[in-house]
Amino acid sequence: MASVKLAIMGGAFNPIHIGHLVCAEEAVEQFGLDEVLFMPTGTPPHKEAPRGAGPEERFEMVVIATASNPRFAVSRYEIDKNEVGYTVDTMRHFRLELPEAELYFITGADAVIEILEWKDPREILEIATLIAATRPGYPLDSMPAKTRAFLEEYGVQIIEIPCIGVSSSLVRERVAQGRSIRYLVPEGVEKFIEKERLYIHKHSQA
């Protein structure tokens with residue numbers, strides 16, 4: 001019996017937008033994944049806690065956005081830890097919980113460029129296959145040679161996703177300006193943001 005292919009996709013999701021969903025779906029298609037587990041961050045180690053929406057609101061938006069896809073699921077693991085969350089700790093947890101699973105970790109090219117600054121990056125790549133999703137403005141071919149060699153050593157997989165110039169900060173900025181975010185986020189997420197009056201004040205957090 002083949003092992004389950006599970007990918008964990010971490011992020012603030014502040015808010016989740018169509019770019020996140022396209023990336024996850026592309027990973028499912030390219031790697032034959034059984035499930036993508038979206039992992040909203042609790043307290044990130046390298047920047048301030050996400051502003052504009054609280055953990056429960058961010059979690060709820062991810063649930064709304066992923067509900068219609070049977071291969072997408074959402075985890076409260078990092079939110080409920082209530083402490084600084086490191087990727088390596090999350091991957092250790094799921095390695096212990098699912099010892100037979102083939103684990104993947106999906107992240108963006110902007111994060112991959114800084115991978116040598118992560119906590120125990122080698123252990124992460126020993127536990128899971130890293131899938132790096134390219135996005136405009138972060139060409140992987142311009143990364144430092146040391147970082148490139150590290151990624152090549154561990155066989156990091158690159159996926160090209162359609163050029164969708166959407167970011168969480170763009171969504172927050174448009175809401176703060178009173179502009180439409182229709183089609184930038186799923187309809188349910190748009191309605192949730194409007195109902196909860198999120199992002200009314202402009203924030204610079206990426």
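From a predicted model like this one, the values you see are computed outputs, not experimental measurements.
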Colleague: Please examine the side chains of Ile8 and Phe94, heavy atoms only from C-beta on, and report whether any two atoms are closer than 4.5 Å.
Modeller: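 Counting from C-beta outward, Phe94 and Ile8 do come under 4.5 Å.
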Colleague: Within a strict 4.5 Å, meaning less than it, do heavy atoms of the Val4 and Glu100 side chains meet?
Modeller: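 Sidechains of Glu100 and Val4: no contact.
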Colleague: Using 30° and 60° as the class boundaries, would you call the ring planes of His93 and Tyr77 parallel, tilted or perpendicular?
Modeller: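 Taking Tyr77 first and then His93, their aromatic rings lie parallel (interplane angle under 30°).
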Colleague: From Thr41 OG1 over to Tyr86 OH, what is the distance, rounded to the nearest 0.5 angstrom?
Modeller: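 So the gap between those two atoms works out to 13.5 Å.
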Colleague: Under a 4.5 Å cut-off applied to non-hydrogen side-chain atoms, are Arg71 and Leu33 in contact?
Modeller: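 They are not in side-chain contact.
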Colleague: Is it possible for you to check whether Arg76 lies under 6.0 Å from the centre of the six-membered ring of Phe59, through NZ or CZ, and within 45° of that ring's axis?
Modeller: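 Verdict for Phe59: a cation-pi partner in Arg76.
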Colleague: Return yes if a side-chain donor-acceptor contact under 3.5 Å exists between Gln157 and Thr129, otherwise no.
Modeller: no
Colleague: Could you report the tightest heavy-atom contact between Pro15 and Val189, atom names first, then the distance?
Modeller: CB-CG1, 4.5 Å
Colleague: Nearest 0.5 angstrom please: Thr87 OG1 to Glu78 CD, how far?
Modeller: 6.5 Å
Colleague: Give a yes or no on this: more than 12 heavy atoms of other residues, nucleotides or ligands lie within 6.0 Å of atom CD of Glu153.
Modeller: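 Yes - once you tally the heavy atoms of other residues, nucleotides and ligands closer than 6.0 Å, there are more than 12.
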Colleague: Measuring from atom OG of Ser180 to atom CZ of Arg174, what distance do you get when rounded to the nearest 0.5 angstrom?
Modeller: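 Reported value, rounded in 0.5 Å steps: 6.0 Å.
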Colleague: Looking at side-chain heavy atoms only, is the closest gap between Glu35 and Phe72 below 4.5 Å?
Modeller: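 Counting from C-beta outward, Glu35 and Phe72 never come under 4.5 Å.
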Colleague: To the nearest 0.5 Å, tell me how far Glu56 CD sits from Ile79 CD1.
Modeller: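 Here the rounded value is 6.0 Å.
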Colleague: Is there a donor-acceptor contact under 3.5 Å linking the side chains of Thr134 and Glu160?
Modeller: yes
Colleague: On a heavy-atom basis, which atom in Ala7 and which in Ile106 lie closest, and how many Å separate them?
Modeller: CB-CD1, 3.8 Å
Colleague: Looking at every heavy atom in both Leu130 and Val156, which two are closest together, and how far apart are they?
Modeller: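 Where Leu130 meets Val156 most closely, the heavy atoms are O-CG1, 3.4 Å.
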Colleague: Between Glu126 and Arg122, is the closest basic N to carboxylate O distance under 4.0 Å?
Modeller: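 Answer for the salt bridge query: no.
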Colleague: Within the structure provided, determine whether Tyr183 and Ile18 are in side-chain contact (heavy-atom separation under 4.5 Å).
Modeller: no
Colleague: Within the structure provided, determine whether Phe105 and Leu125 are in side-chain contact (heavy-atom separation under 4.5 Å).
Modeller: no
Colleague: Just so I know, are the side chains of Leu21 and Pro186 near enough to count as touching, which here means a heavy-atom distance under 4.5 Å?
Modeller: yes
Colleague: Over all heavy atoms of both residues, which pair between Val112 and Thr107 is shortest? Give the atoms and the distance, please.
Modeller: CG2-CG2, 3.4 Å
Colleague: Determine whether a donor-acceptor pair (N or O, by modelled atom type, separation under 3.5 Å) exists between the side chain of Arg95 and the backbone of Ala101.
Modeller: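 It does hold such a pair.
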Colleague: Test side-chain contact (heavy atoms from CB on, under 4.5 Å) on Ile115 and Phe150; report intermediate values, then the result.
Modeller: CA-CA 9 Å; Ile115 192 169; Phe150 176 77; 4.0 Å; yes
Colleague: Compare all side-chain heavy atoms of Asp34 with those of Leu6 and state whether any distance is below 4.5 angstrom.
Modeller: no
Colleague: Do Tyr199 and Asn14 get their side chains close enough for a donor-acceptor pair, meaning under 3.5 Å?
Modeller: yes
Colleague: Should we say atom CD of Glu196 is surrounded by more than 12 heavy atoms from elsewhere, each under 6.0 Å from it?
Modeller: yes
Colleague: Which pair of non-hydrogen atoms, one from Ile124 and one from Lys119, has the smallest distance, and what is that distance?
Modeller: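 In this case the closest contact between Ile124 and Lys119 is CD1-O, 3.7 Å.
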Colleague: Before accepting this row, confirm whether a basic side-chain N of the pair Glu123/Arg92 lies closer than 4.0 Å to the acidic partner's carboxylate O.
Modeller: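 Salt bridge flag = yes for Arg92 with Glu123.
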Colleague: Donor-acceptor check, side chain of Thr147 to backbone of Met143, threshold 3.5 angstrom: yes or no?
Modeller: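 Not confirmed, Thr147 side chain does not pair with Met143 backbone.
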Colleague: Between Lys5 (side chain) and Phe31 (backbone), is there a donor-acceptor pair under 3.5 Å?
Modeller: yes
Colleague: Specify whether His20 and Phe13 have parallel, tilted or perpendicular ring planes, treating 30° as the upper limit for parallel and 60° as the lower limit for perpendicular.
Modeller: perpendicular
Colleague: Tell me, with the steps shown, if Leu184 and His17 meet side-chain contact (heavy atoms from CB on, under 4.5 Å).
Modeller: CA-CA 6 Å; Leu184 300 181; His17 54 71; 5.6 Å; no
Colleague: Do you know the tightest heavy-atom contact between Ala24 and Met9?
Modeller: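 Looking at all heavy atoms of both residues, the closest pair is CB-SD, 3.9 Å.
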Colleague: Is a side-chain donor or acceptor of Arg182 paired with a backbone partner of Glu187 at a separation under 3.5 angstrom?
Modeller: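 Pair absent, no side-chain N/O of Arg182 close to backbone of Glu187.
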Colleague: Is there a path of hydrophobic side-chain contacts, each under 4.5 Å between heavy atoms of I/L/V/M/F/W/Y residues, joining Leu170 to Ile193?
Modeller: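 Hydrophobic grouping puts Ile193 apart from Leu170.
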Colleague: So, taking the atom named CG in Asn69 and the one named CD in Glu25, what distance separates them when rounded to the nearest 0.5 Å?
Modeller: 5.5 Å
Colleague: Treating Glu26 as the side-chain partner and Cys23 as the backbone partner, does any N or O pair qualify as donor plus acceptor under 3.5 Å?
Modeller: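 Pair absent, no side-chain N/O of Glu26 close to backbone of Cys23.
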